[in-house]
Amino acid sequence: MDRLADNTNVPAAWFLVGATAVGKTAVAQHLAERTGAAILSADAMLVYRGMDIGTAKPAAAERGQVRYFGLDMADPDEPFSAGVWLHRVRAEWMASRDLPCLPAGSPAGSGLLVAGGTGLYVRALTQGLDVPAADPARRSYWQERLAREGLPALWHELIARVPQAGNLLADPENPRRVIRALEHFDSHGALPAGWRTVPRPRLVGLHLPRVSLHARILARVERMFGDGLIEEVQSLRARFPAWGRQSHTSGSVRTVAQPAAPGKSGVGADDIVSGDGRPAQAGSCEGLACTACQAIGYAEVCDLLDNRISREQAIAQIAARTRQLAKRQETWFRHQAEVTWIEITPEEPVADMAARVLAAWSEHGPTPIRLS
RNA sequence: GGCGAGGUAGCUCAGUUGGUAGAGCAGCGGACUGAAAAUCCGCGUGUCGUGGGUUCAAUUCCCACCCUUGCCA
């Protein structure tokens with residue numbers, strides 16, 4: 001292959017990670033415009049066409065200045081996954097002969113700049129994914145059995161096949177992981193041993209104090225409504241009628257305005273909760289790829305459009321879910337990667353942040369990526 | 001102004017037949033290899049409105065006051 005860092009013979013890229021709403025996009029854009037680098041978005045929601053406002057996708061003006069990868073790769077009703085993302089991104093990259101190679105030593109030259117907050121996508125890019133996908137039919141088979149028989153039954157099935165699954169699986173109480181392991185076994189006859197022993201890539205990240213980040217998140221949510229988030233969801237629903245036919249906001253989180261506390265002897269409390277009309281099986285979207293319609297902002301606006309919640313509730317819930325996402329992202333990068341954090345403040349000019357990011361990149365060098 | 005209801009965790013509320021309290025949400029921490037903006041796990045000390053009184057002991061009973069709210073004026 002010919003996408004090589006000049007001296008090292010290893011493909012690599014400059015990574016900028018961090019929680020949602022810290023300002024990765026602005027800094028990446030700033031740097032790309034000045035270096036001629038292309039930007040690869042490592043974000044699981046920016047891949048969907050038509051979902052622009054709610055995902056804070058870089059605007060057309062910005063995209064005209066810089067070559068972007070990883071945006072608008074699929075329609076919201078297409079099944080998508082980290083694996084699809086990785087294959088497509090690799091293919092696009094290999095096909096782009098005109099893209100500049102990474103400069104040796106100096107990040108002030110051009111190259112590939114990866115910006116995003118989806119840890120799994122970053123990992124896929126730096127480590128690759130182990131084996132081809134499993135058969136989707138197997139997934140639905142196990143999903144049905146989970147619904148019918150419960151998690152312990154699936155766990156027994158898994159242990160029967162892979163006695164040491166307890167050590168291979170990080171989180172046996174997580175139905176998705178158990179199902180994933182089962183479908184993986186069905187397709188490949190074994191579980192990959194490397195699931196829990198991944199090297200941590202060295203990255204550069206932006207970090208804001210929690211309070212500042214929360215303030216930014218709320219401001220951004222309100223701006224999204226001003227920018228036409230509701231209209232965007234309406235047009236998506238016009239294109240995909242199954243979208244938002246029922247509440248997508250699942251029960252675990254999200255009900256900011258709780259009707260009444262279900263006390264031990266709380267007569268009527270349960271009635272109020274269930275009467276509120278949210279059966280809320282997360283992501284039951286009748287044929288639609290659920291990922292997109294579960295997306296933060298989109299699920300809540302559907303509830304708003306169907307009069308299940310008020311505008312104020314929608315804003316509060318979107319902000320809360322975004323905060324929770326941001327925390328999970330921080331946790332991921334804190335522990336799953338070796339990140340050099342650039343501590344920023346809300347007032348700091350983008351150019352200053354960019355300069356500090358550049359300095360960190362210079363110091364540590366680019367992060368190797370796997371193109372095959 | 002009169003009568004009623006209420007003031008308990010950041011929010012919405014339980015509860016204590018007197019022995020200083022607990023749920024949901026929020027928040028915090030953690031996990032994470034093809035659904036990842038997903039999914040899953042863990043974490044509950046707060047002047048129980050204020051000041052008095054009764055009591056071995058009051059957040060719980062009594063009195064006063066303050067605040068909120070509903071109805072009547």
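Quick note on labels: first sequence line is chain A, next is B, and so on, each numbered from 1.
Judged by distance alone, with hydrogens and angles left aside, the side-chain atoms of A:K24 form a donor-acceptor pair with the main-chain N or O of A:G18 at under 3.5 Å. In this structure, the side chain of A:K57 engages the main chain of A:M51 through a donor-acceptor pair within 3.5 Å. The backbone N or O of A:R202 lies less than 3.5 Å from a partner atom in the side chain of A:T367, making a donor-acceptor pair.
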Base-pairing string, 5' to 3', of RNA chain B - Watson-Crick or wobble, under 3.5 Å, | interstrand: (((((((..((((.....[..)))).(((((.......))))).....(((((..]....)))))))))))).
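Atom-to-atom, NZ of A:K327 to P of B:C40 comes out at 15 Å; the value is rounded to the nearest Å. Atom P of nucleotide B:G27 and atom CG of A:L218 are separated by 12 Å, given to the nearest angstrom. The distance between atom CG of A:N174 and atom C1' of B:C40, rounded to the nearest whole Å, is 4 Å. Summarising the geometry, the separation between CD on A:Q329 and C1' on B:C28 is reported as 17 Å, rounded to the nearest angstrom. The distance from atom CD of A:Q336 to atom C1' of B:G30 is 10 Å, rounded to the nearest whole Å. As a whole-Å value, the separation of A:E173 CD from B:C32 P is 14 Å. Here the P atom of nucleotide B:G30 and the CZ atom of A:F333 are 14 Å apart, to the nearest Å. One can place CG of A:L71 at 16 Å from C1' of B:A37, the figure rounded to the nearest angstrom.
Taking A:N167 as the reference, nothing meets the side chain to side chain donor-acceptor pair (under 3.5 Å) condition, with sequence neighbours excluded. Contacts of A:R88 classified as side chain to side chain donor-acceptor pair (under 3.5 Å), with partners at least two apart in sequence or in another chain: none. With sequence neighbours excluded, the residues that form a side chain to side chain donor-acceptor pair (under 3.5 Å) with A:Y298 are A:E232. In this structure A:R328 satisfies the salt bridge (charged side-chain N to carboxylate O under 4.0 Å, His left out) test with no other residue, sequence neighbours excluded. Residues meeting the side chain to side chain donor-acceptor pair (under 3.5 Å) test with A:Q143, sequence neighbours left out: none. When the ring pair (Phe, Tyr, Trp, His ring centres under 6.0 Å) test is applied to A:F15, no partner is found at least two apart in sequence or on another chain.
Nucleotides B:C63 and B:G4 place their P atoms 12 Å apart, quoted to the nearest Å. Between B:A9 and B:C48, the two P atoms lie 9 Å apart (nearest whole Å). For the C1' atoms, the distance linking B:U59 with B:U45 amounts to 14 Å, nearest Å. Nucleotides B:U17 and B:G10 place their P atoms 25 Å apart, quoted to the nearest Å. If you take atom C1' in B:G27 and the same atom in B:U12, they sit 15 Å apart, rounded to whole Å. With C1' as the reference atom, B:G15 and B:A23 are 10 Å apart, rounded to whole Å. Of the C1' atoms belonging to B:G51 and B:G7, the separation is 16 Å, rounded to the nearest Å. Here, B:C40 and B:U47 have their C1' atoms 38 Å apart, quoted to the whole Å.
Within 4.0 Å (heavy atoms only), A:T55 reaches at least one base atom of the nucleic acid. Among the atoms of the strands shown, only primed sugar atoms or phosphate atoms (P, OP1, OP2) are found under 4.0 Å from some heavy atom of A:P175.
In the hydrophobic clustering of ILVMFWY residues, with side-chain heavy atoms under 4.5 Å counting as a link, A:W361 and A:F333 come out together. A:V198 and A:L169 are not part of a single hydrophobic cluster, where members link through side-chain heavy atoms under 4.5 Å apart. Tracing side-chain contacts under 4.5 Å through hydrophobic residues (I, L, V, M, F, W, Y), one never reaches A:W195 starting from A:Y121; they form parts of separate clusters.
Nearest heavy atom pair, residue A:G117 against residue A:Q329, reads O-NE2, 3.0 Å.
The aromatic rings of A:F69 and A:W93 lie perpendicular to each other, with more than 60° between the two planes, well past the 30° mark.
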With the criterion being N/O to N/O and under 3.5 Å, what pairs connect the protein with nucleotides 33-36 of chain B, and how long is each?
unit_1: B:U33; atom_1: OP1; unit_2: A:R177; atom_2: NE; d: 3.0
unit_1: B:U33; atom_1: O2'; unit_2: A:W195; atom_2: NE1; d: 2.7
unit_1: B:U33; atom_1: O2; unit_2: A:D130; atom_2: OD2; d: 3.3
unit_1: B:U33; atom_1: O4; unit_2: A:G194; atom_2: O; d: 2.6
unit_1: B:G34; atom_1: OP2; unit_2: A:R180; atom_2: NE; d: 2.4
unit_1: B:G34; atom_1: OP2; unit_2: A:R180; atom_2: NH2; d: 3.0
unit_1: B:G34; atom_1: N7; unit_2: A:V131; atom_2: O; d: 3.3
unit_1: B:G34; atom_1: O6; unit_2: A:V131; atom_2: O; d: 2.4
unit_1: B:A35; atom_1: OP1; unit_2: A:R139; atom_2: NH1; d: 2.9
unit_1: B:A35; atom_1: OP2; unit_2: A:R139; atom_2: NH1; d: 2.8
unit_1: B:A35; atom_1: OP2; unit_2: A:R139; atom_2: NH2; d: 2.5
unit_1: B:A35; atom_1: O2'; unit_2: A:R176; atom_2: NH1; d: 3.3
unit_1: B:A35; atom_1: N6; unit_2: A:Q143; atom_2: NE2; d: 3.1
unit_1: B:A35; atom_1: N1; unit_2: A:Q143; atom_2: NE2; d: 2.8
unit_1: B:A36; atom_1: OP1; unit_2: A:T291; atom_2: OG1; d: 3.1
unit_1: B:A36; atom_1: OP2; unit_2: A:Y121; atom_2: OH; d: 3.4

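In the set B:G29, B:A37, B:C32, B:G29 carries the atom at the smallest distance from any side-chain atom of A:R334.
Among pairs with a residue in residues 131-156 of chain A, those fulfilling salt bridge (charged side-chain N to carboxylate O under 4.0 Å, His left out) read A:R138-A:D186, A:R139-A:E183, A:E144-A:R148, A:R145-A:E149, A:R145-A:E157, at least two apart in sequence or across chains.
One finds a side-chain N or O of A:H335 lying less than 4.0 angstrom from the OP1 or OP2 phosphate oxygen of B:A31. Taking side-chain N and O atoms only, A:Q324 has a distance below 4.0 Å to OP1 or OP2 of B:G27. In this model, the phosphate group of B:C32 is not approached by any side-chain N or O of A:R328 to a distance below 4.0 Å at OP1 or OP2.
Scanning residues 17-24 of chain A for heavy-atom distances under 4.0 Å to RNA chain B yields an empty list. Residues from residues 203-216 of chain A lying near RNA chain B, meaning a heavy-atom separation below 4.0 Å, are A:R210, A:H214 in numerical order.
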Let me have the donor-acceptor pairs involving side chains of residues 208-225 of chain A, under 3.5 Å, with sequence neighbours excluded, atom names and distances please.
unit_1: A:R210; atom_1: NE; unit_2: A:E330; atom_2: OE1; d: 3.4
unit_1: A:R210; atom_1: NH2; unit_2: A:E330; atom_2: OE1; d: 2.9
unit_1: A:R216; atom_1: NE; unit_2: A:A21; atom_2: O; d: 2.8
unit_1: A:R220; atom_1: NH2; unit_2: A:T20; atom_2: OG1; d: 2.8

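Positionally, the nearest nucleotide of RNA chain B for A:R323 lies more toward the 5' end than for the other of A:A295 and A:R323.
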